[in-house]
Amino acid sequence: SIYLSAGKRLRPVLVNGAKAPVLGGKIDGLRAFVGTDSGLYAAVSMPDGGTDSAVYRVTGRSSPRPFLVDGGPAPGGGAYRSVGSAELAGNGPTLAFLVPLFGAPAGRGVFTAVGEVVTLRVLDGSTVSDGSRLSLADTDVRGVDGEAVLLTARLIGTTPASRALLAVR
């Protein structure tokens with residue numbers, strides 16, 4: 001559960017077992033949390049609601065609002081899927097996230113957001129500088145450094161297949 005400090009009291013914001021704000025459904029899992037200068041983000045699952053999962057954003061004293069939802073349009077084409085399992089990282093005003101996609105040119109994508117502006121950074125299968133391809137299937141978002149998203153990812157087409165720390169801009 002997530003609570004925010006309101007003076008000398010704690011205010012519940014997203015609570016396991018409670019109704020999910022705006023989208024309805026019961027929150028049955030809070031998977032990832034990250035804070036940025038743009039707000040606090042939390043990935044939640046709620047399988048009995050109108051959507052299975054969402055990433056909520058809380059700013060200041062505002063109520064939580066859905067930031068990403070299953071089926072929402074993704075920059076670069078397709079739609080977000082299973083956003084409750086998103087990998088999240090943040091630094092300064094920037095949120096970075098890895099999320100599955102459907103109806104897109106690839107099965108997963110890495111995106112950044114500053115405020116409400118979301119930008120595609122890289123898709124599963126993208127070619128990297130040595131000619132190998134990036135596999136986002138077993139990737140961890142490690143952090144954000146300026147405009148670069150730091151990932152540990154598997155490279156396909158190298159012998160042997162290897163994992164690398166990459167800075168994606």
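Taking the salt bridge (Lys or Arg N to Asp or Glu O under 4.0 Å) definition, one finds that R57 meets it with E116, sequence neighbours left out. Residues forming a ring-ring contact (aromatic ring centres under 6.0 Å, His included) with Y56 (at least two apart in sequence, or on another chain): none.
One finds the CG atom of D124 at 9.0 Å from the CG atom of L101 (value rounded to the nearest 0.5 Å). Taken from CZ in R133 to OG1 in T127, the straight-line distance is 7.5 Å, to the nearest 0.5 Å. The line from CG of N16 to CD1 of I2 is 9.5 Å long, rounded to the nearest 0.5 Å.
V15 belongs to a hydrophobic cluster whose other members, connected by ILVMFWY side-chain contacts under 4.5 Å either directly or through intermediates, are Y3, L10.
Listed here is the closest heavy atom pair of P75 and V118: CG-O, 3.6 Å. Of all the heavy atoms in G39 and T59, the pair that sits closest is CA-CG2, 4.0 Å. I27 approaches L30 most closely through the heavy-atom pair CG2-CD1, 3.7 Å. Taking all atoms of both residues into account, the shortest heavy-atom contact from R121 to T112 is NE-OG1, 3.0 Å. Nearest heavy atoms, L88 versus Y41: CD1-O, 4.2 Å. A pairwise comparison of heavy atoms in L136 and L123 identifies CD1-C, 3.8 Å as the closest pair.
Cluster annotation: L134 is not connected to L150 through the hydrophobic network of ILVMFWY side chains, with a link wherever side-chain heavy atoms come within less than 4.5 Å. Taken together through direct or relayed side-chain contacts under 4.5 Å among Ile, Leu, Val, Met, Phe, Trp and Tyr, F33 and M46 form part of one hydrophobic cluster. Side-chain heavy atoms closer than 4.5 Å link hydrophobic residues (I, L, V, M, F, W, Y) into clusters, and following such links, possibly through other members, connects V58 to L23. When hydrophobic clusters are built by joining Ile, Leu, Val, Met, Phe, Trp and Tyr residues whose side-chain heavy atoms come closer than 4.5 Å, directly or via intermediates, L68 is not grouped with L98. The hydrophobic clustering, which links ILVMFWY residues whose side-chain heavy atoms are closer than 4.5 Å, places V128 and V122 together.
A side chain to side chain contact (heavy atoms under 4.5 Å, CB included) with V110 holds for exactly one of V168, L120, L151; it is L151. Among R163, R154, R108, the single residue meeting the salt bridge (Lys or Arg N to Asp or Glu O under 4.0 Å) criterion with D138 is R163.
No donor-acceptor pair under 3.5 Å is formed between the side chain of T94 and the backbone N or O of V114. Of the possible donor and acceptor atoms, one in the side chain of N91 sits under 3.5 Å from a partner among the backbone N and O of V144. Panel note: side chain S53, backbone V83; a donor-acceptor pair is recorded below 3.5 Å.
For the 3.5 Å distance criterion, the side chains of R142 and T152 qualify, holding a donor opposite an acceptor.
Under the 4.5 Å side-chain criterion, counting only non-hydrogen atoms from C-beta, S63 is not in contact with P21.
Between F111 and F97, the ring planes are parallel. Angles under 30° get that label, and only those over 60° would be called perpendicular.
Within 6.0 Å of CZ in R65 there are 12 or fewer heavy atoms belonging to other residues, nucleotides or ligands.
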